[in-house]
Asks: 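Quick one: this structure, given as structure tokens, is what I'll be asking you about.
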Amino acid sequence: MPAPLKIQHLRQFLLAADHGSFRLAAEGTHRSQAAVSAAMQDLEQQLGAPLFEAGKRAQLTPLGQAVAPLFRELLSTHDRVLDAARQLGMGNTGPVSLAVMPSLADEWLPKLLERYARNHPDIRIRAVDESSQDVHRLVLNGEVQVGVAGQVPRTAEVAFTPVARDAFGLVCRKGHALARRRGPVPWSALEDERLIGNATFDTLKNRQLGCGIDDPAMIVSNRASLLASVVSGLGVTVLPVLARPSVGSGLAFVPLAEPTVERIVGVLTRKEETLLPSVAAMHALALRSLAQFTRRKGADLV
């Protein structure tokens with residue numbers, strides 16, 4: 001098998017051909033003129049015929065003229081592929097996909113994506129919101145590279161980094177009787193309320209918290225529509241601290257106790273699998289951003 005052509009030799013050949021000077025080819029590649037002359041001799045030996053006319057200061061032979069565009073194409077392809085590989089290695093390009101549980105999709109996720117896209121403008125991002133169980137499944141199957149979800153049963157293939165200890169509370173209009181009570185209210189206080197279920201109710205089922213939790217009067221999965229339903233007086237709902245409505249929403253968030261129910265929220269990736277640099281940057285940002293969001297919403301860090 002013939003020896004491969006050396007990229008440095010091709011670069012020197014084209015510089016010499018374009019400028020008609022081995023000296024300029026040497027300066028352009030930071031080599032001595034003697035080294036360039038030796039490289040051209042080596043290249044001619046590989047091809048089996050002269051590339052430069054003897055004694056005519058880097059004037060190309062017909063073979064040199066014929067191979068110049070081929071070498072230029074090969075060098076261009078090499079430089080393009082090398083640059084693409086380096087951009088992947090530096091995390092400037094590469095696909096990033098993540099799945100986030102619905103309670104974080106409206107408020108936290110857009111800010112995460114904005115921060116990431118600002119620092120990585122050339123990366124294509126795919127983000128979906130799914131239940132915690134589905135987030136775990138998507139990470140496990142390799143359909144997404146990063147997941148953010150409530151803690152699910154541990155598996156050997158998925159790594160879970162806990163970030164927040166997220167307690168649940170009642171969401172109701174500010175004028176509601178339960179909103180005027182000081183401190184947490186017991187779950188039993190919800191027995192006489194019209195409950196609007198949401199995606200987080202799956203976490204609360206079968207915990208003996210009352211029949212309204214296991215069988216709510218209605219279910220609204222979208223957080224914005226859920227809060228609008230509470231504002232309009234259709235009922236009350238239960239949400240974790242991380243999904244509590246903003247101060248200007250017209251809604252109150254009342255902690256629920258007896259018992260205090262919590263979930264652990266964290267970031268998931270596949271175990272023993274090195275992340276693409278672009279994905280590693282998203283993973284690190286998700287951990288930092290979720291911790292900052294946790295403090296801002298008033299939940300506890302793990």
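Any value given below was found using the heavy atoms of this structure, including those in side chains, with hydrogens, waters and symmetry copies removed.
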Asks: Counting neighbours of CD on E114 that are heavy atoms of other residues, nucleotides or ligands and sit closer than 6.0 Å, is the number greater than 12?
Replies: yes
Asks: With a 4.5 Å heavy-atom cut-off, do P255 and L170 have their side chains touching?
Replies: no
Asks: Side chains of L98 and L113: does their closest heavy-atom pair fall under 4.5 Å?
Replies: yes
Asks: Rounded to the nearest 0.5 Å, what separates atom CD in E262 from atom OG1 in T203?
Replies: 13.0 Å
Asks: Test your reading of the model: is there a side-chain donor-acceptor pair from S278 to the backbone of G91, 3.5 Å cut-off?
Replies: no
Asks: Would you call R263 and F168 a side-chain contact if the rule is heavy atoms closer than 4.5 Å?
Replies: yes
Asks: Starting from L74, walk the hydrophobic network (Ile, Leu, Val, Met, Phe, Trp, Tyr; side-chain heavy atoms closer than 4.5 Å) and list everyone else you reach, by chain and number.
Replies: L5, I7, L10, F13, L14, F22, V36, M40, L43, L47, L51, F52, L60, L63, V67, F71, L75
Asks: Nearest 0.5 Å, what's the CE-CD distance between M90 and Q87?
Replies: 4.0 Å
Asks: Using 0.5 Å steps for rounding, measure from the CD1 atom of I213 to the CG atom of N206.
Replies: 11.5 Å
Asks: Identify, with sequence neighbours excluded, every residue that meets ring pair (Phe, Tyr, Trp, His ring centres under 6.0 Å) alongside Y116.
Replies: H120
Asks: What verdict does the side chain to side chain contact (heavy atoms under 4.5 Å, CB included) test give for R72 and D18, after you've listed the backbone C-alpha separation in whole Å, the side-chain angles of each residue and the deciding distance to 0.1 Å?
Replies: CA-CA 11 Å; R72 202 177 304 277; D18 291 342; 3.1 Å; yes
Asks: Are E130 and L138 close enough that some pair of their side-chain heavy atoms sits under 4.5 Å apart?
Replies: yes
Asks: Can you find a heavy atom in the side chain of V158 that is under 4.5 Å from one in the side chain of K271?
Replies: no
Asks: Hey, is the main chain of V236 close enough, under 3.5 Å, to the side chain of R194 for a donor-acceptor pair?
Replies: no
Asks: State the NE2-OG1 distance between H9 and T29, to the nearest 0.5 angstrom.
Replies: 9.5 Å
Asks: Report, as yes or no, whether the 6.0 Å neighbourhood of atom CZ on R207 holds more than 12 heavy atoms from other residues, nucleotides or ligands.
Replies: yes
Asks: When you compare the side chain of D166 with that of I264, does any pair of heavy atoms fall below 4.5 Å?
Replies: no
Asks: Where is the tightest heavy-atom contact between D129 and A105, given as atom of each residue plus distance?
Replies: CB-CB, 3.6 Å
Asks: Take T237 and L195 through the side chain to side chain contact (heavy atoms under 4.5 Å, CB included) test and state the conclusion after the steps.
Replies: CA-CA 5 Å; T237 193; L195 275 179; 5.6 Å; no
Asks: Can L109 be reached from V279 by stepping across I, L, V, M, F, W or Y side chains whose heavy atoms are under 4.5 Å apart?
Replies: yes
Asks: Applying side chain to side chain contact (heavy atoms under 4.5 Å, CB included) to E73 and H78, what does each step give before you reach the verdict?
Replies: CA-CA 9 Å; E73 180 182 357; H78 168 272; over 6 Å; no
Asks: Answer yes or no: is there a donor N or O on one side and an acceptor on the other, between the side chain of S221 and the main chain of A199, under 3.5 Å?
Replies: no
Asks: Between CG of L239 and CD1 of I196, what distance do you get to the nearest 0.5 Å?
Replies: 10.0 Å
Asks: Please determine whether a side-chain nitrogen of the Lys or Arg among R86 and D83 lies less than 4.0 Å from a carboxylate oxygen of the Asp or Glu.
Replies: no
Asks: Quick check against the 3.5 Å criterion: does H176 have a side-chain atom that pairs as donor or acceptor with the backbone of L178?
Replies: yes
Asks: Please tabulate, for the side chains in residues 293-302, all donor-acceptor contacts under 3.5 angstrom to protein atoms that are two or more places apart in sequence or on a different chain.
Replies:
unit_1 : atom_1 : unit_2 : atom_2 : d
T294   : OG1    : L290   : O      : 2.7
K297   : NZ     : E107   : OE1    : 3.1
K297   : NZ     : E107   : OE2    : 3.4
K297   : NZ     : R244   : O      : 2.7

Asks: For a quick test of reading the model, state the closest non-hydrogen atom pair linking R223 to P245 and the distance between them.
Replies: NH2-CA, 3.9 Å
Asks: Any side-chain to backbone donor/acceptor pair from S21 onto A16? Under 3.5 Å, distance only.
Replies: no
Asks: Honestly curious: do L256 and L209 fall in one hydrophobic cluster under the side-chain, below-4.5 Å linking rule?
Replies: yes
Asks: Within the side chain of Q145, is there an N or O that forms a donor-acceptor pair under 3.5 Å with the backbone of S97?
Replies: yes
Asks: Would a single hydrophobic cluster contain both L276 and L268, if residues Ile, Leu, Val, Met, Phe, Trp and Tyr are joined by side-chain heavy-atom contacts under 4.5 Å?
Replies: no
Asks: Testing the basics here: between H136 and T155, what is the closest heavy-atom pair and its distance to 0.1 Å?
Replies: NE2-OG1, 3.3 Å
Asks: Are side-chain heavy atoms of T200 and P240 found at a separation under 4.5 Å?
Replies: yes
Asks: With no hydrogens and no angle check, is any side-chain donor or acceptor of S249 less than 3.5 Å from a backbone partner on S246?
Replies: yes
Asks: Ignoring hydrogens, what is the shortest heavy-atom contact between N119 and P121? Give both atom names and the distance.
Replies: C-CD, 3.5 Å
Asks: To check you understand the geometry: which heavy-atom pair defines the closest contact between G197 and P216, and what is its length?
Replies: N-CB, 3.7 Å
Asks: Cluster question for you: counting only ILVMFWY and a side-chain heavy-atom cut-off of under 4.5 Å, with indirect links fine, are M282 and V144 together?
Replies: no
Asks: If you take all heavy atoms of V220 and S229, which pair is closest and at what distance?
Replies: CG2-OG, 4.2 Å
Asks: For a side chain to side chain donor-acceptor pair (under 3.5 Å) check, start with the C-alpha distance between S76 and D79, then their side-chain angles and the critical distance, and finish with the verdict.
Replies: CA-CA 5 Å; S76 175; D79 291 347; over 6 Å; no
Asks: Tell me, yes or no, whether the heavy-atom count around N141 atom CG, taken from other residues, nucleotides or ligands under 6.0 Å, exceeds 12.
Replies: yes
Asks: Answer yes if V261 and V185 sit in the same cluster of Ile, Leu, Val, Met, Phe, Trp and Tyr residues linked by side chain heavy atoms under 4.5 Å apart, and no otherwise.
Replies: yes
Asks: With a 3.5 Å distance limit and no angle check, can you tell me whether N198 reaches the backbone of V238 through a side-chain donor-acceptor pair?
Replies: yes
Asks: Please walk me through it: do S188 and E258 pass side chain to side chain contact (heavy atoms under 4.5 Å, CB included)?
Replies: CA-CA 8 Å; S188 59; E258 300 178 24; 5.6 Å; no
Asks: Any heavy-atom pair between the side chains of V96 and R126 that's under 4.5 Å?
Replies: no
Asks: Distance from K174 atom NZ to L251 atom CG, nearest 0.5 Å?
Replies: 8.0 Å
